[in-house]
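Taking it in order: structure first as structure tokens, then the write-up.
Not measured: the values here are computed from a predicted model.
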Amino acid sequence: MSDEPTQRDYRPTVFLPKTDFPMKAGLPHKEPGIQAKWEEIGLYEKLREARSGREKFILHDGPPYANGDMHIGHALNHVLKDTVVRTQSLLGKDAPYVPGWDCHGLPIEWKVEELYRKKKLDKKEVPAKEFRAECREYAQKWVDVQREQLKRLGINGRWDKPYLTMRPKAEGAIVAELHKFAETGQLYRGAKPVMWSPVEETALADAEVEYQDLTDSPQIDVAFEIVESAIPELVGAYAVIWTTTPWTIPVNQALAYGPSINYDIIDWNGKRFLIANEGGLQAEAMNRWGFDPKSGDGSLVKMIKGSDLAGTIVRHPMHHLGGFYAKPRPMLAGDFVTTDSGTGIVHMSPDHGEDDFDLCKANGIDPVFAVMGDGRYRDDWLWLGANDLDAEGKERRRSVINKPFNAPEGPICSDLREAGALLSASADYQHSYPHSWRSKAKVVYRCTPQWFIAIDEHLGHLPAISPAEQSWEGEGGDSTIDEEVTAGSPTLREIALGEIASTRFVPEKGRNRLRSMVEGRPDWLISRQRAWGVPIALFVHRESGELLVDPDVNRRIQTAIANDTVDAWEESRAAEYLGPDRNPDDYEMIGDILDVWFDSGSTHAFVLESDEWPELQSPADLYLEGSDQHRGWFQSSLLESCGTRGRAPYKAVLTHGFTMDPKGMKMSKSLGNTVDPLKVMEQYGADIIRLWALSVDYTEDHRIGDEILKGVGDTYRKLRNTFRYLLGALSDFDYESEGVETAQMPELERYMLHRLAKLDANLRTAIDDFDFNEYVRALAEFTNEDLSAFFFDIRKDRLYCDAPDGLERRAYRTMLDILFQALIRYTAPVLVYTAEEVWSTRFPDRASIHLEELHALPADWIDDALAGRFDAMRELREDVMEAIEPLRREKTIRSGLEADVSVPSSAIPDGFSDADLAELFIAATVVRGQGSTVEVTRTSDNKCGRCWRLLPDVAEDGALCSRCDEVVTEMDAAA
RNA sequence: GGGCCGGUAGCUCAGUUGGUUAGAGCGCACCCCUGAUAAGGGUGAGGUCGGAGGUUCAAAUCCUCCUCGGCCCA
């Protein structure tokens, strides 16, 4: 075509999208600036004003521990919380978010002690007040660090006034909660074996204990001589026990057998031994003792049933020491005795085991408190006490978890061997054993005086559970509550179980998990022998041992602590609290502090009910934490609230799983597979972490890694470019002069209204279900499938080439505006920074997208008849695309615009003209054919030099079609 | 060791009370466009639904066992 005149370049006459909004996000660089803007305009406060008086939605923040940087679990948890709050706000509710931190407790105390050790200071020489001040400072430091990190994540909340469990008012309120338990008789001091760390000299909470596998644990078999029995063959025989804790033998007080287990009396080496008749177990045990089955010197004397052992009495191998050791040891029936390992007979020390304690208590055998806090036997202990010296006159006593002390050659085994009671001793047993998670040192069970909240006491101060509230009973047929409930007031456990039944759980399986834990849990051990925490601020009468329950005294204590921090609980102020009518010398001031779970379990009281945060209210609509909090905060909050208020502090509980590495393995520093959210924010941006958190199935364990984040980045870019296109296509759009009523719009636009309305309904359901995975998926799929690949592609021609005042083009732009207004709101809770960037690009004068609410879409946008036709058309469209493909492959045509398409007329939905279809299929022409398949040929029409469509009214390639001719003529005239 | 939960394409997820050739989006491969351009469009290849038994006319779906992983507990 070299002989043709130079064609005019029509590019300047085409209305291309126009925007400064960059395709490349540069989030790590851009986000901090947007964050700064939010702080500057006071976004959180503005939002509170905007939603003032609306229905409230209260998400109560579970306080993270103020120790260390934010990790991926915090990030996930807070993104979910923030998204809940933002989506509720989007619905128009007033959804405040007051973040909080858990500040007391052992880990912080430990850190401060570590600093002391580095400075060669002894904690015991530092006044408690000073020590606590340092703990306070340490916690505050990490609160500040985490606060900045969470802000950077885009979490919108009351950052200028978070709640801290160490604020004096909080400390006072926590004591007030404790006093409620005391005043209603739910608190008691008991002796119970608790996990005790001899190294740290404190009782440990379950959460402070971790189990490690040992391969060199001692194991010994000890023979107890039977002195009385209803079975003659047993008198003079030996009951053999097996234990991995030789140090408990000096505190033995009984033996336990399984009543339904069968036992053998076996004659071996001239002695008779009692052992369970359990093949593997018996062979294994006797093998340890050195029994050779081939020698034939062992023979079965008699087989008996466990229950036959009732009334049997044995004596301690060290009975010659007299005193404690001379007392007879009864054999007791214990259901917990198994034949998994050992001998089928278990030695009992009520001081050092839960089963032991319970069984002995039931049989009138009390603990003897033989082991002191540092792990040694007390001075006056007959065996291995302070006066027990070796040949060189050195004390043989050591900490009971000292390895040589328990070794086969150690003092315990040596003495037992000498007494002829040690059948075997070695240090090669493999099992998992509890350790302190801070010091990594072994812990022991030890009986000490501790404070407990009773779980099964009937609470007279609360109304009985109503029949309606008992309706959950029998659902699973495994109820632990029976006719007792109706007999009187409920117990704390019963109230809690009733509340679990009436709470919403997302996902539902959380209910079973919490319920089974509450059903099975023991009394709540709330005392700790530490310094950094809220004191168990109570007095005990020295003479009577009774707890002083005087509301006036308690009020004075609460006020003092609320004013002066926990430091107010000191001896010098006892008189002030007790008042003029009592003599401080008559009272013991309890020196223990509270379990930190009691602190955090009380947050509903000192945060939700406090007038310090008037925007909050109780009970909360939602608690949202990781699934580990079934054991933790969900439960401690439930018990605290049920014990003081008779109801749960929450209406719903949402739990999420844990974040694993790309292979689904747990992250750990030692494996080096951790993902640091701070680094991800530096590399990808906070919006990417947020989108990741909402894209995975967070109700289960889920994964993170480079490949996953890359995929999230792809989803992000698609959303971002959709907004870039909308911004460009809508540049200079003015509804007043250009807008089209939806009723006047072409069918395609009205179909998109329908699709949008459907999406809107889906998203609202997802919000109600807290199903953000579905939310993000639906949003992304809509932008990909309905918009980018369908609507935008079809309407490209109208947008670029139609006259600006043409109805179709105006209708399209109106539709784009509707889409923009909806999509930017849907996106705002997810991509908080990007949404703001988009919003401020289009509306530089408006404060923030995050103040906006969802619009209620007109009901008449739903048009099922229209949608049915269009859905059918889209299916046909897919067939057409498929039919065009071979021609493109063989280069007969390049684009669909060059295709003449013949479609079986029977396949065409009603109401579409051939021209409609050509436009919808982005083809040259569409005709109705007689055949049963879609046929495609290359069109013979020429290509318009402006709109590039191939049309019959184009005289030659490069000339204008009539539509473009009109538009260009008008533009030329205007110019 | 015990309780509970989970294992569907390379990735993230759907799969209703068991019912036709197991789906989506992304990624990938190939192609088109070059007037959303480090963008947009099209087509296509990917799965013995962790494994093995069993129930059933029929199982990703129900049962048993095993395995891997997780949370909690000991």
* Asked: Quick one: does A:Arg809's side chain have a donor or acceptor within less than 3.5 Å of a partner on A:Leu799's backbone?
  -> yes
* Asked: Side chains of A:His656 and A:Ser627: is there a donor and an acceptor less than 3.5 Å apart?
  -> no
* To do: Give one of base, sugar-phosphate or nothing for A:Phe658, where a contact means two heavy atoms less than 4.0 Å apart.
  => sugar-phosphate
* Structure fact -> Relative to its sugar, using the 90° cut-off around 0, the base of B:G46 is syn
* N/O (side chain, A:Lys796) to phosphate O (OP1/OP2, B:G41) under 4.0 Å -> no
* To do: Taking only the side-chain heavy atoms of A:Ala789 (C-beta and beyond), determine which of B:G42, B:C71, B:C72 contains the nearest atom.
  => B:G42
* Asked: Looking at the side chain of A:Trp948, which of B:G70, B:G10, B:U34 is the nearest nucleotide?
  -> B:U34
* Asked: With sequence neighbours left out, what residues match A:Phe15 under ring pair (Phe, Tyr, Trp, His ring centres under 6.0 Å)?
  -> none
* Structure fact -> Dot-bracket assigned to RNA chain B with the 3.5 Å Watson-Crick/G-U criterion, [ ] for crossing and | for other-strand pairs, is (((((((..((((.....[...)))).(((((.......))))).....(((((..]....)))))))))))).
* Asked: Would you call A:Arg874 and A:Asp786 a salt bridge, using N to O less than 4.0 angstrom?
  -> yes
* Listed nucleotide nearest any side-chain atom of A:Arg889, set B:U34, B:U43, B:A39 -> B:U43
* Distance check: side-chain N/O of A:Ser788 vs OP1/OP2 of B:G41, anything under 4.0 Å? -> yes
* Asked: Reckon A:Ser695 touches a base, only the sugar-phosphate, or nothing at all at heavy-atom distances under 4.0 Å?
  -> sugar-phosphate
* **C1' atoms of B:G10 and B:A45, separation to the nearest Å** => 12 Å
* For A:Phe792 and B:A36, are the ring centres under 5.5 Å apart with planes inclined under 30°? -> no
* Quick one: does A:Asp701's side chain have a donor or acceptor within less than 3.5 Å of a partner on A:Phe658's backbone? -> yes
* Asked: Taking the six-membered ring for Trp, are A:Trp633 and A:Tyr623 parallel (under 30°), tilted (30 to 60°) or perpendicular (over 60°)?
  -> parallel
Tabulate atom names and distances for all N/O pairs under 3.5 angstrom spanning the protein and nucleotides 4-8 of chain B.
{"residue": "B:C5", "atom": "O2'", "partner": "A:Lys509", "partner atom": "NZ", "Å": "3.3"}
{"residue": "B:C5", "atom": "O2'", "partner": "A:Glu700", "partner atom": "OE1", "Å": "3.1"}
{"residue": "B:C5", "atom": "O2'", "partner": "A:Glu700", "partner atom": "OE2", "Å": "3.4"}

* Asked: When rounded to the nearest Å, what value does the distance between P atoms of B:C63 and B:C28 take?
  -> 40 Å
* Describe the nucleic acid contact of A:Arg703 in one word from base, sugar-phosphate, nothing, applying a heavy-atom distance below 4.0 Å. => sugar-phosphate
* Asked: Do A:Glu935 and A:Thr933 get their side chains close enough for a donor-acceptor pair, meaning under 3.5 Å?
  -> yes
* Tell me what A:Lys18 touches on the nucleic acid: a base, only sugar-phosphate, or nothing, going by heavy atoms under 4.0 Å. => nothing
* Minimum-distance nucleotide to A:Met23 side chain [options: B:A36, B:G25, B:C73] -> B:A36
* Please work out if A:Glu774 contacts a base, only the sugar-phosphate, or nothing of the nucleic acid, heavy-atom cut-off 4.0 Å. => nothing
* **Distance below 4.0 Å between A:Arg888 side-chain N/O and B:G42 OP1 or OP2** => no
* May I ask you to verify if any side-chain N or O of A:Lys718 is less than 4.0 angstrom from the OP1 or OP2 atom of B:G41? => yes
* Between B:U43 and B:C5, how far apart are the P atoms? Round to whole Å, please. => 43 Å
* To do: Would you indicate what A:Gly728 reaches in the nucleic acid, counting non-hydrogen atoms under 4.0 angstrom: base, sugar-phosphate, or nothing?
  => nothing
* Looking only at side-chain atoms of A:Tyr800, point me to the closest of B:G35, B:A14, B:G25. => B:G35
* Asked: Ignoring hydrogens and angles, are the base of B:C33 and the side chain of A:Arg894 linked by a donor-acceptor pair under 3.5 Å?
  -> no
* Asked: Taking only N and O in the side chain of A:Lys891, is any of them less than 4.0 Å away from OP1 or OP2 of B:C32?
  -> yes
* To do: For residues A:Phe634 and A:His630, establish whether the separation of their ring centroids is below 6.0 Å.
  => yes
* For the residue pair A:Asp595 and A:Trp524, confirm or rule out a side-chain donor-acceptor distance under 3.5 Å. => yes
* Asked: Is the shortest distance from a Lys or Arg side-chain nitrogen in A:Arg777 or A:Glu781 to a carboxylate oxygen in the other one below 4.0 Å?
  -> yes
